[in-house]
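Taking it in order: structure first as structure tokens, then the write-up.
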Amino acid sequence: MLKKRFLILLTAVVFFAVSCSNPEDDKKEKKQDDVSNKETAYYSGNLSEEQKESTHLTLKFFKNIIVDADVTDPSQYKDGLDSYFIGYMNNDKRDSISSYCKKPDVYGTPLSKFMKELADAGQCGFLEKKRDVNYSKEDGWIRVTVSCRDDDNVKRELSFQRYLTGKNTLGGIDSMLFQIKDDAHKDESLAGECDFGEGMTSVFPDYDRDDLSFGKKEEIGGRLKDLTEKTLKLELSDKYDCMPITRDTYRMLTARLYDNKSERIRPFHSDYYYYRFYPMVNGLRWVDNSRRVTVKEEPIADDVGTQSEMIDNQTKKVTSRTLSSMSEGEQVFIYNEKGIREMRLSNIIENKGVYKKKLEICPLETVLTNVQARFMGKGVVLPATIYNIELCYASAFSDISEGKIRNVLEPCWMVEYWEEAWDGKRCTAMWVDAMTGEVINEDDVN
């Protein structure tokens, strides 16, 4: 009798175990576990003294969201940082604009001398005897275009615009462009080298970035950085982006971003480097944050441009304006085995004085706590890795309560991370107010 009862009990236990391992039940349990992990924070809001002083931080927010990031050295901001008013520069005091048109220069460097410096830095010289220079003035700018053909009959063109700050004064250089004009492919789409370089940095953050066969990226990058600083009279950060583009990476990116066969894409011609340099303020990078603010009847300074106006259809009056922050932008180069293929430079903004002096930067713990809370609020369950936590400068606006709204430059935290998406990794940045620790906005990294 006992033996029979034991067999019945054993059968019940086996049946119960089998029913518990039902695949559907396992899926439900796993889903509940994922939700639980999403809602349970691993980071408590406290860092050890060693973590506070470190320039690399490793910890967990949730099960699938980790921090494995380079962090700005705290010694760079231990005494606080200034904020600044910024505006369009006025660096040319000549009596007339016509004198500039007769003999143009690049920030005081004669055009012919600049062409030689450009050739020395990137093997892309303009032949003096075949050079053609044109000028045009329209919509508050003077545009200068220089073009020629080299010994291989390849057209090279440099163009740049000078901003006009008044009737007889010249401001900075905006949109200085250098391009190799390939006549054989002039009708191709401009989904070209710069676009692909930018795309690679945004969707393949951990791609292997070895040197290309024609030169070391650090050596070439140093020459291009020196040329830019000398040309624009602008100090650049030692930290810059460089992405080598080969035929393989080109195929990876086109498969990821341009899966529509009707998309016209420029054919791949040769391996090249994509460089992106940033202005420097107080030893930190000035990164474009593209901040916006909508205002109603608050006074706005003359040099603060409006992005758009909201108009009441009945009264035909402006009811509000959306302002876009002023940014210097990045300095970009494409460099292949023949030298500089394309460059995009700009410098039209200058420091107009201190806005707020020696602002105290909030503790890193506050930044991490608020970023963790933003992840929790978003309900992110996809694997994600924060790979950079950097204190930098970004464009903003002065406080509305202080009077006229003006363009300012303030320190803020840029928290860059990648997360898994259905089509691969996606890079994103959270922007955090450096004084309060509050998350300002979130944009794709470009």
With rounding to the nearest 0.5 Å, note down the distance linking [atom1] in [X] to [atom2] in [Y].
X    : Y    : atom1 : atom2 : value
L212 : E337 : CG    : CD    : 10.0 Å
D271 : N336 : CG    : CG    : 9.0 Å
K352 : L409 : NZ    : CG    : 13.5 Å
D70  : I386 : CG    : CD1   : 13.0 Å

Can you see which heavy atom on [X] is nearest to which on [Y], and at what distance?
X    : Y    : answer
F375 : F62  : CB-CE1, 3.8 Å
Y417 : A384 : CD1-CB, 4.4 Å
I340 : L227 : CD1-CD2, 4.3 Å

Q | D68 (side chain) donor-acceptor with Y387 (main chain) under 3.5 angstrom | A |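 Answer holds: no.
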Q) Do side-chain atoms of E390 reach the backbone of V71 as a donor and acceptor pair under 3.5 angstrom? A) no
Q. Taking only residues two or more places apart in sequence or in another chain, which ones pass side chain to side chain contact (heavy atoms under 4.5 Å, CB included) with S48?
A.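 Counting only residues at least two positions away or on another chain, S48 forms a side chain to side chain contact (heavy atoms under 4.5 Å, CB included) with E50, Q51.
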**Q.** Residues forming a side chain to side chain contact (heavy atoms under 4.5 Å, CB included) with K113, sequence neighbours excluded
**A.**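 K113 satisfies side chain to side chain contact (heavy atoms under 4.5 Å, CB included) with T109, P110, E117 only.
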**Q.** Side chains of S75 and D73, donor plus acceptor under 3.5 Å
**A.**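 There is such a pair between these side chains.
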With a 4.5 Å limit on heavy-atom distance, are the side chains of [X] and [Y] in contact?
X    : Y    : result
M430 : R374 : yes
M435 : P411 : yes
M243 : I245 : yes
M414 : W431 : yes

Are the aromatic rings of [X] and [Y] close, with centres under 6.0 Å apart?
X    : Y    : answer
F85  : Y355 : yes
Y273 : F214 : yes
Y240 : F333 : no

Q: Give a yes or no on whether a salt bridge exists between E330 and R344, defined as a side-chain N under 4.0 angstrom from a carboxylate O.
A: no
Q) Do NZ/NE/NH1/NH2 and the carboxylate oxygens of K217 and E219 come within less than 4.0 Å? A)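 No.
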**Q.** With sequence neighbours excluded, residues passing ring-ring contact (aromatic ring centres under 6.0 Å, His included) with Y393
**A.**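 Partners of Y393 under the ring-ring contact (aromatic ring centres under 6.0 Å, His included) test: none.
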**Q.** ring-ring contact (aromatic ring centres under 6.0 Å, His included) involving Y77 - partner list, sequence neighbours excluded
**A.**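 Expected list: W413.
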Can you give the donor-acceptor pairs under 3.5 Å from side chains of residues 356-369 to other protein atoms, not counting sequence neighbours?
from, atom 1, to, atom 2, distance (Å)
E365, OE2, K52, NZ, 3.3
T369, OG1, E365, O, 2.8

Q: Could you check whether the rings of F277 and Y275 sit parallel, tilted or perpendicular, using 30° and 60° as the cut-offs?
A: parallel
Q: Quick one: list whatever passes salt bridge (Lys or Arg N to Asp or Glu O under 4.0 Å) with K233, sequence neighbours left out.
A: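 Testing K233 for salt bridge (Lys or Arg N to Asp or Glu O under 4.0 Å), a comparison that skips the adjacent residues, returns none.
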